[in-house]
Structure formats: C-alpha cells, structure tokens
Amino acid sequence: MIHIDHVCLGVRNFFEGAQRLREETGLGCYEGGWFPKLGLANKIFPTGNDTYIEVESVVDVFEYEKGNASARFFKEKCQEGDVFIGWCARVDTRDELEQIAKRLGTDVIESTLRTRPDGTMGVAIRAPETIPSWGAGLPNFFLVSDITKHPSRVAPQFGTRTATGISWLELGGSEEEMSDYLGVHARSLNLRFNGGAHGLHAMGVSSDDGEIVIRRNVISGTTGKPAI
C-alpha cells in the first residue's frame, strides 16, 4: 500500500521557522539532526498515524557557497519565505518500491543521509531521488524497514496539541495526473487538487483539539504536466 509519510517545510531561518510553526499550530517537535552531505538540518513535528512534518533549512553556509546542489536548492526555494518543499509517500515492502522504480524508470536508492542527535545515521531507501522529484512538484517514495523506528514515533517537546494524522494535502495540478504518477487513485490518500502550480499548497492535520490547517508558499511556478 501507499501512504502519506511526511511533508518537508523549507524555512529561511531554521530556528524561527520551527518556533513559528509551533506557535501557529500547537504541535510539538524535536531535533531531527543534520545532513552532512547536504548542508541542511531539520526539526521533526510528529503528526500522528506514522506521519510527520520536517522543518528544514540550510545551516552550513559554506556548503551553499561551494555550490552544494541541495543547499542551493533549499536556499533558492526559500527566497520568498517559508515554502512547502515537497512531500513523500511510503510503501510497505521492498517489492512495492522496486515495482514503482521500474514503472518510473529509475533505480531504488539506498544511502545514509541524516545524522541523528545521538550520532547514529539513518538509512534512506527511496525512489526516485528526492530533490528532483520535489523540484517537479511531485512526491517520491520511501521504504521504512522498521516502522517502530519511524521519526513520527519519537515523543515531541513543547506541544500543546496532540496530532492524530495528516487528514489531507492540497496539491496543484490535477487528480488524474497524480493518480497516474502514484499508480493508485489520488483520492485514496485524501489528496485534494486546486489546478494551480504543481506542488503542495496546504495540508490538514487532525488533532485532539480539532483540525489544524497549514498553508505556505508552493515550490513550483509551473502548471503544465510535471516531469522528472
């Protein structure tokens, strides 16, 4: 099966952006760690039901200045303020991921990316590669080998509300395009479409104190059929 896994919210100021999201939503977060090869770091906001939001930003100015592609991508996309950089789907088995990779004409990529605060490194198993997918306003797909270690299952700090799941995502483009890309009907993931620029425009999070709606800038300015 395919599930919504997480949303990436890019911010200009790593600390201020996360604090503002906490204040606006009442959701708690914890330090996610840093990406040593990318010049980025994140804070993770668990949103229930094995989903989360990662607030991510450039934290290593030298990686940006030497032309690191990921650091440059984030810096440029956040030029006008907070932006939904992208979102990721999750599959249950390696076979599912391999079938998706074959259908999309890509490989399954497996590498260490994020160094957690305790110094351990997580292995990300995915297809296609993340940044090109997000740049086109599309999700990519992840396999979490042990769901008990999913980032959403770490208890957050500083929250005043308890999230119980991502209730919907509002996307640009069309339902038909996304269904073709996902290989399942988009409505099965509670995806909504506004016909605008490709990418994530807004999201709803269910909580013990009602629904939380988060709306930010969208990554893409294009409305034609997306391609990676």
Side-chain angles (χ1 to χ4, degrees), residues 1-8 10 35 37-38 40 42 44 47 49-54 56 68-70 72-74 77 84-114 121-153 165-166 168-193 195 197-201 203 218-228:
M1 293 181 65
I2 295 176
H3 319 265
I4 296 173
D5 188 75
H6 68 275
V7 165
C8 179
F35 300 81
K37 298 179 181 179
L38 308 181
L40 308 169
N42 71 4
I44 293 176
T47 46
N49 197 26
D50 296 326
T51 64
Y52 64 97
I53 300 169
E54 60 174 342
E56 196 159 343
N68 182 293
S70 296
R72 186 169 295 275
F73 178 84
F74 266 77
K77 295 303 181 182
F84 280 127
I85 294 286
W87 66 282
C88 293
R90 186 180 72 252
V91 296
D92 295 324
T93 68
R94 179 82 182 216
D95 182 64
E96 288 176 290
L97 188 61
E98 290 176 350
Q99 289 299 317
I100 289 170
K102 181 178 180 180
R103 177 170 57 83
L104 297 178
T106 187
D107 296 322
V108 172
I109 304 153
E110 187 168 346
S111 64
T112 54
L113 285 179
R114 178 169 59 96
M121 292 199 72
V123 176
I125 308 170
R126 61 209 186 272
E129 187 54 282
T130 309
I131 295 296
S133 301
W134 287 350
L138 295 167
N140 66 341
F141 303 83
F142 275 72
L143 172 66
V144 178
S145 299
D146 184 354
I147 197 66
T148 66
K149 297 181 179 178
H150 193 264
S152 67
R153 298 203 179 188
I166 292 175
W168 51 266
L169 300 179
E170 180 187 319
L171 306 173
S174 73
E175 184 176 301
E176 182 180 8
E177 290 170 350
M178 185 57 68
S179 296
D180 287 345
Y181 176 78
L182 293 172
V184 298
H185 205 292
R187 274 181 289 183
S188 68
L189 297 183
N190 292 324
L191 304 180
R192 305 175 179 180
F193 297 87
H198 291 291
L200 177 60
H201 292 242
M203 64 186 297
V218 63
I219 191 171
S220 171
T222 62
T223 55
K225 186 174 182 179
I228 58 172

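Just the heavy atoms: all of them, side chains too, but no hydrogens, waters or symmetry mates, feed the values below.
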Checklist entry - Where do Leu143 and Val108 land on the side chain to side chain contact (heavy atoms under 4.5 Å, CB included) test, with the steps shown first? => result CA-CA 10 Å; Leu143 172 66; Val108 172; over 6 Å; no

Item to check | Thr51 and Ser152: CA distance, side-chain angles, deciding distance, side chain to side chain contact (heavy atoms under 4.5 Å, CB included) verdict | outcome: CA-CA 6 Å; Thr51 64; Ser152 67; 5.7 Å; no

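Annotation for Asn49 and Gly165: closest pair CB-CA, 4.0 Å, computed over non-hydrogen atoms. Counting all heavy atoms, side chain and backbone alike, Ala101 lies closest to Ala127 at CB-CB, 3.9 Å. For Glu56 against Cys8, the heavy-atom pair with the smallest separation is OE1-SG, 3.5 Å. The two atoms that bring Ile219 and Gly137 nearest to each other are CG2-CA, 4.4 Å, heavy atoms only. Closest approach of Ala124 and Leu113 over heavy atoms only: CB-CD1, 3.7 Å. Across all non-hydrogen atoms, the minimal contact from Val91 to Ile2 is CG1-CG1, 4.1 Å.
Identified under the salt bridge (charged side-chain N to carboxylate O under 4.0 Å, His left out) test for residues 91-101, with sequence neighbours left out: Arg94-Glu98, Arg94-Glu110. For residues 124-136, the salt bridge (charged side-chain N to carboxylate O under 4.0 Å, His left out) pairs, not counting sequence neighbours, are Arg126-Glu129.
Legend: residues meeting ring pair (Phe, Tyr, Trp, His ring centres under 6.0 Å) with Phe142, ordered by chain and number and at least two apart, are His6. Looking at residues two or more places apart in sequence or on another chain, you find a salt bridge (charged side-chain N to carboxylate O under 4.0 Å, His left out) between Arg90 and Asp5. Under the side chain to side chain donor-acceptor pair (under 3.5 Å) criterion, Thr130 pairs with Asn140, sequence neighbours left out. For Phe84, the ring pair (Phe, Tyr, Trp, His ring centres under 6.0 Å) criterion is met by no residue, not counting sequence neighbours. Under the salt bridge (charged side-chain N to carboxylate O under 4.0 Å, His left out) criterion, Glu176 pairs with no residue, sequence neighbours left out. For Ala186, the side-chain contact (heavy atoms from CB on, under 4.5 Å) test picks out Glu175, Met178, Ser179, Leu191, Phe193, with sequence neighbours left out. Residues passing the side-chain contact (heavy atoms from CB on, under 4.5 Å) test with Thr112, sequence neighbours excluded: Met121, Val123. By the salt bridge (charged side-chain N to carboxylate O under 4.0 Å, His left out) test, Glu54 pairs with no residue at all, sequence neighbours left out. Among residues two or more places apart in sequence or in another chain, the side-chain contact (heavy atoms from CB on, under 4.5 Å) test is passed with Thr148 by Asp146, Arg153. Considering only residues two or more places apart in sequence or on other chains, His185 meets the ring pair (Phe, Tyr, Trp, His ring centres under 6.0 Å) condition with none of them.
The NE2 atom of His3 sits 10.0 Å away from atom OG of Ser188, with the distance rounded to the nearest 0.5 Å. The line from OG1 of Thr47 to CE of Met203 is 5.5 Å long, rounded to the nearest 0.5 Å. Summarising the geometry, atom CD1 belonging to Ile166 is positioned 11.0 Å from atom CG belonging to Asp50; distances are rounded to the nearest 0.5 Å. Rounded to the nearest 0.5 Å, atoms CG (Leu182) and CG (Leu189) are 6.0 Å apart. Summarising the geometry, atom CG belonging to Leu40 is positioned 5.5 Å from atom CZ belonging to Phe74; distances are rounded to the nearest 0.5 Å. The distance from atom CG of Asn190 to atom CG of Leu169, rounded to the nearest 0.5 Å, is 8.5 Å.
The closest donor-acceptor contact from the side chain of Tyr52 to the backbone of His150 lies at 3.5 Å or more, if one exists at all. In this structure, the side chain of Trp134 engages the main chain of Trp87 through a donor-acceptor pair within 3.5 Å.
Counting only heavy atoms from C-beta outward, the side chains of Ser133 and Phe141 never approach each other to under 4.5 Å.
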